[in-house]
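Values below: every heavy atom of this structure, side chains too, minus hydrogens, waters and symmetry copies.
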Amino acid sequence: MNEEVKDTKDILNTADIEARIYHAFEVFKYLPPVKPQGYFNIFRFIKPEPGDVVEQKPVFCTRDYTLAEEVALQWWDWLHNRLDLETLELIKYRCGAPIIKGGKQIYNWTHVRRWKMVGAEFGIHRNIARKKWNKALNIILEVLKSAKKC
């Protein structure tokens with residue numbers, strides 16, 4: 001999980017994509033909170049407003065934010081078009097994002113959650129949760145490979 005975060009052009013496999021997704025969520029953790037309406041969607045309109053002040057939180061370099069923004073704006077759209085809502089929520093939960101159910105936030109930001117916790121939260125076996133995660137990573141890898149061929 002503490003792997004080097006590569007630029008898009010340097011991504012070769014799903015491990016690079018996984019590191020990039022974890023990095024994006026780590027960056028988003030320190031941005032001002034998003035006011036949810038319905039489902040919590042961290043990947044829409046994530047840029048902080050000029051007047052927002054983030055207290056005692058690290059300042060990310062432009063590269064960190066740019067890499068995270070690409071995950072939010074491009075990669076998440078690819079997944080949103082190809083996966084069901086539960087799998088998208090599973091990805092956010094795995095990465096430690098807050099989860100909102102019934103209009104109430106039931107989980108706050110954490111670090112990457114273990115597969116056993118992910119499986120228990122979604123009522124599935126941890127191996128099935130891992131397979132859903134891998135499916136999402138493979139979708140991103142396929143799209144990136146097809147984009148490189150053009």
Side-chain angles (χ1 to χ4, degrees), residues 1-54 56-100 107-119 121-122 124 126-150:
M1 279 187 258
N2 292 330
E3 298 177 26
E4 176 190 359
V5 179
K6 298 182 179 180
D7 289 323
T8 304
K9 62 181 175 15
D10 300 328
I11 289 177
L12 301 173
N13 54 38
T14 56
D16 297 338
I17 293 170
E18 186 173 31
R20 183 80 169 273
I21 290 173
Y22 290 147
H23 173 264
F25 274 91
E26 193 64 31
V27 170
F28 296 143
K29 183 190 302 187
Y30 294 104
L31 293 177
V34 176
K35 304 288 189 280
Q37 294 187 9
Y39 282 103
F40 179 69
N41 194 345
I42 188 170
F43 292 108
R44 302 278 184 230
F45 310 108
I46 58 169
K47 286 192 176 183
E49 294 296 321
D52 288 340
V53 177
V54 181
Q56 299 179 344
K57 301 214 176 164
V59 176
F60 290 95
C61 69
T62 306
R63 180 179 182 272
D64 280 346
Y65 187 78
T66 303
L67 293 176
E69 187 177 42
E70 183 179 2
V71 170
L73 300 178
Q74 289 181 353
W75 295 12
W76 196 256
D77 281 341
W78 298 337
L79 294 177
H80 195 271
N81 294 332
R82 293 172 176 87
L83 296 174
D84 59 298
L85 186 60
E86 182 181 1
T87 304
L88 297 173
E89 291 295 314
L90 184 144
I91 292 167
K92 291 190 285 188
Y93 183 79
R94 164 70 176 164
C95 293
I99 300 295
I100 294 180
Y107 293 107
N108 292 321
W109 280 105
T110 65
H111 294 290
V112 175
R113 293 180 174 100
R114 298 177 57 182
W115 287 112
K116 185 175 181 179
M117 292 174 65
V118 174
E121 176 62 28
F122 288 86
I124 56 178
R126 64 178 178 242
N127 292 341
I128 294 172
R130 180 72 182 182
K131 284 180 184 178
K132 289 183 175 201
W133 172 264
N134 286 334
K135 179 181 176 183
L137 297 181
N138 285 323
I139 287 171
I140 294 170
L141 186 62
E142 287 172 19
V143 173
L144 289 174
K145 282 184 178 180
S146 67
K148 286 181 183 179
K149 290 180 183 177
C150 295

Partners passing salt bridge (charged side-chain N to carboxylate O under 4.0 Å, His left out) against Glu70 (at least two apart in sequence or in another chain): Arg20

task: Write down the atom of Leu88, the atom of Trp76, and the distance for their closest heavy-atom approach.
output: O-CH2, 3.5 Å

query: Just how far is it from atom NZ of Lys145 to atom CD1 of Ile140, taken to the nearest 0.5 Å?
result: 13.5 Å

- prompt: Counting N and O atoms only, with roles assigned by atom type, does the side chain of Arg94 sit under 3.5 Å from a partner on the main chain of Arg113, one being a donor and the other an acceptor?
  reply: yes

field: Inter-residue atom distance Lys92.NZ - Ile99.CD1, 0.5 Å rounding
entry: 6.0 Å

- request: Supply the atom-to-atom distance Thr110 OG1 to Phe25 CZ, rounded to the nearest 0.5 angstrom.
  value: 10.5 Å

message: Strictly distance-based, threshold 3.5 Å: is any side-chain N or O of Arg130 a donor or acceptor partner for the main-chain N or O of Arg126?
response: no

field: Test side-chain hydrogen bond (donor to acceptor under 3.5 Å, both in side chains) applied to Trp133 - qualifying residues, sequence neighbours left out
entry: Glu18

- line: Hits for side-chain contact (heavy atoms from CB on, under 4.5 Å) against Asn81, two or more places apart or cross-chain, chain-then-number order -> none

message: Any salt bridge linking Glu26 with Lys29? Criterion: basic side-chain nitrogen under 4.0 Å from a carboxylate oxygen.
response: yes

field: Heavy-atom pair with the smallest gap, counting every atom of Ala136 and Leu79
entry: O-CD2, 3.5 Å

message: Just so I know, are the side chains of Pro98 and Trp109 near enough to count as touching, which here means a heavy-atom distance under 4.5 Å?
response: yes

- line: The side-chain hydrogen bond (donor to acceptor under 3.5 Å, both in side chains) partners of Asn134 (sequence neighbours excluded) come to none

query: Lys131: what forms a side-chain contact (heavy atoms from CB on, under 4.5 Å) with it, not counting sequence neighbours?
result: none

field: Straight-line distance of Glu86 CD to Lys132 NZ, nearest 0.5 Å
entry: 4.5 Å

task: Would you give the length of the straight line joining atom CG of Leu83 to atom CD1 of Ile139, rounded to the nearest 0.5 angstrom?
output: 4.0 Å

Test ring pair (Phe, Tyr, Trp, His ring centres under 6.0 Å) applied to Phe122 - qualifying residues, sequence neighbours left out: Tyr93

query: Where do Ile21 and Cys95 land on the side-chain contact (heavy atoms from CB on, under 4.5 Å) test, with the steps shown first?
result: CA-CA 8 Å; Ile21 290 173; Cys95 293; 3.6 Å; yes

task: Check side-chain contact (heavy atoms from CB on, under 4.5 Å) between Asn127 and all other residues, then give those that pass, not counting sequence neighbours.
output: His125

message: Has Asp7 got a side-chain atom pairing as donor or acceptor with Lys9's backbone, closer than 3.5 angstrom?
response: no

- prompt: Who passes side-chain contact (heavy atoms from CB on, under 4.5 Å) against Ala129, sequence neighbours left out?
  reply: Leu90, Trp115, Val118, Ile124

- request: State, to 0.1 Å, how close Phe28 and Ala68 come at their nearest heavy-atom pair, and which atoms those are.
  value: CZ-O, 3.3 Å

- prompt: Taking only residues two or more places apart in sequence, or in another chain, which ones meet Lys6 in a salt bridge (charged side-chain N to carboxylate O under 4.0 Å, His left out)?
  reply: Asp16

